[in-house]
Amino acid sequence: MGAPDPATSTKARRLVGVLFGAFFFALGLLIVVTSTVSTRVPAIAVAVVVGGLGLDLIISAMRGKRSLLSRIGPLP
């Protein structure tokens with residue numbers, strides 16, 4: 001176990017991480033709620049991915065570690 005990442009260990013960055021994680025988790029719930037019968041299976045798959053990344057972001061921010069989203073590099 002290494003030391004926490006200095007880029008994620010400040011209180012402000014951790015708070016922003018928790019807020020974005022909560023946003024992604026809520027977005028996953030919204031995807032499921034607004035899906036129709038014909039799009040239910042793909043919507044649940046997308047919601048699991050988005051909500052899972054949100055939960056990972058929340059847990060990572062609370063622990064002061066890097067999340068999966070931060071490990072995939074800069075996105076276009």
### Whether T39 side chain and S35 backbone form a donor-acceptor pair below 3.5 Å
no
### Closest non-hydrogen atom pair, L57 against S67
CD1-OG, 3.4 Å
### Message
Within this structure, what is the CD1-CG distance for the pair I59 and L68, rounded to the nearest 0.5 Å?
### Response
10.0 Å
### Message
Could you list the cluster mates of V37? Members are the ILVMFWY residues connected by side-chain heavy atoms closer than 4.5 Å, either directly or through other members.
### Response
none
#### Entry: Hydrophobic cluster (4.5 angstrom, side-chain heavy atoms) - remaining members for V18
I58, M62
### Task
Using side chain to side chain donor-acceptor pair (under 3.5 Å) as the criterion, list what pairs up with S38, not counting sequence neighbours.
T36
### Message
I want to check something: taking the side chain as every heavy atom from C-beta on, are L69 and F20 in contact at a cut-off of under 4.5 Å?
### Response
no
Please list every donor-acceptor pair under 3.5 Å in which a side-chain atom of residues 42-54 meets a protein atom from a residue at least two apart or in another chain.
none

